Amino acid sequence: MLDVSRKIDCVVDEGQAIAESIIAQQSTHAGQATTLPPQAYHSESFFQLEKEKIFRQDWLFIGHISQIPQVGDYFSIDIIDEPLLCTRSEEGIRVMSRVCLHRWVPIVEGSGNAKVLVCPFHNWSYNIQGQLVGAPQMNQAEDFDRKSCQLPQIRSEIVAGMIFITFSAEVEPLATRLAPVLPLFEKYHFAELQTAYPLDYDCPFNWKMAVETFMECYHHSAVHRTTLEDSFPGRLSYIGEDGPGWTFCHQPLRKNGDISEVLTAGLLPFAGMSEEDLRRIDLMLIYPFCLIGLNPDRISISTLLPLNSAMTQWHRLVLVSRESMQQEGFADTAEMMKNSSTAIIAEDLEINSLQRRGSRSQLARPGRLGHLEKTVWHLANYIKSKLR
Ligand code: FES
Ligand SMILES: [Fe+2]
């Protein structure tokens, strides 16, 4: 007979063994850096470990305040198997579970504005604060106290207009950790920007591949040779030291390039941008997977929604100034921006899908990293610190 418990032990051991090899082998010196072991990108048991030790223990970006400007506005998001609801009431913004207290159906999908949200299974209804306000035909359920029924609230924090959540009661406040970069968020007017549009797509590969590829420009000359490389040659990109919760990759415009190559959409640059700011696009990662693109006329903020070791959903918000959004023809501009992002994203999706295939080879080993990929090493160091 199959010994199921032994089999489970083996699977758990695999994730633990990968974690131990990362702790033992990950280089502490950038010049010696290698990738994580390829198994860390497809082991389901290692993914479960990441979920418990990283995703559930740190701050995760879920949205921007401009998505819910009015009282009654809400949006839903599913992150690491938790269906969540973010609402704005008279008291402010809050995040809660949207799993019905009755028999677990998520009470709402998508976004909208409502006073009351009604579960589609048996019509239990909740107000925008998550309080149960209606439960039809429950009068024979003994000791059922409707008033004490409240959707579980999730710890959340708003930093420069960005809404983050955590499932940890212990992790330090995010604003404290991000204090050194708050002036940068202010410079780019994060809290006043408006959501122009969301962009969602499926990534048939591990979440770390998506983060790493977003955060290095080394691949421009191969993967984006006809789209990005001319204006933003990968060899000109540079990466400094990482902070206690983030890292940056800087992408300067090519020498003698024109700022129209940065301001491609015809949007108004943000107030206060310097000559140098107009000639660069910076990429920022807030660990573990909040990805920010800082352009002088727009920013994008993404959260990854890892479903399992091999499947990740990418949820990106593109934010612009109110003035840009009010420009004539903005709908066409947004469409054009979406199309050009989609073309670049398609190039990344294709290469990461191939990378995923190769990483499953029995012969695949950790690879050496160059200076243009220091952010890949930064992410590995962050992961290592969480696995200890
Ligand atoms: S599961 Fe929501 S009302 Fe029954
Ligand atoms: Fe790319």
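Counting starts at 1 for both ligands and their atoms, in listed order. Computed from a predicted structure; not experimentally measured.
Donor-acceptor pairing under 3.5 Å is recorded for the side chains of Ser43 and Glu14. There is no side-chain donor-acceptor pair under 3.5 Å between Asn295 and Tyr188. Residues Gln153 and Arg94 have side chains that bring a donor and an acceptor to within less than 3.5 angstrom of each other.
Here is the list of ligand 1 atoms found below 4.0 Å of a heavy atom in Trp124: 3 (S). Ligand-side atoms of ligand 1 in range of Cys119: 1 (S), 2 (Fe), 3 (S), range being under 4.0 angstrom from any heavy atom.
Phe55 has its ring centre less than 6.0 Å from the ring centre of Phe289.
Protein heavy atom closest to atom 1 (S) of ligand 1, with residue, atom name and distance, is Arg103 N, 3.2 Å.
Angle ND1(His102) to atom 4 (Fe) of ligand 1 to ND1(His122), rounded to 10°: 90°.
The distance from atom 4 (Fe) of ligand 1 to the nearest N/O/S atom of Cys100 is not under 2.8 Å.
In terms of hydrophobic clustering, with Ile, Leu, Val, Met, Phe, Trp and Tyr side chains grouped at heavy-atom distances under 4.5 Å, Phe185 and Ile62 are assigned to different clusters. Residue Phe214 is grouped with residue Leu304 when hydrophobic side chains (ILVMFWY) are merged at heavy-atom distances under 4.5 angstrom, including chains of intermediate members.
Within the sub-2.8 Å shell of the Fe ion (ligand 2), the protein contributes these N/O/S atoms: His219 NE2, His224 NE2, Asp348 OD1, Asp348 OD2.
In this structure, the separation between CZ on Arg98 and SG on Cys119 is 11.0 Å, given to the nearest 0.5 Å.
The main-chain N or O of Leu379 is never found under 3.5 Å from a side-chain atom of Lys208 such that the two would form a donor-acceptor pair.
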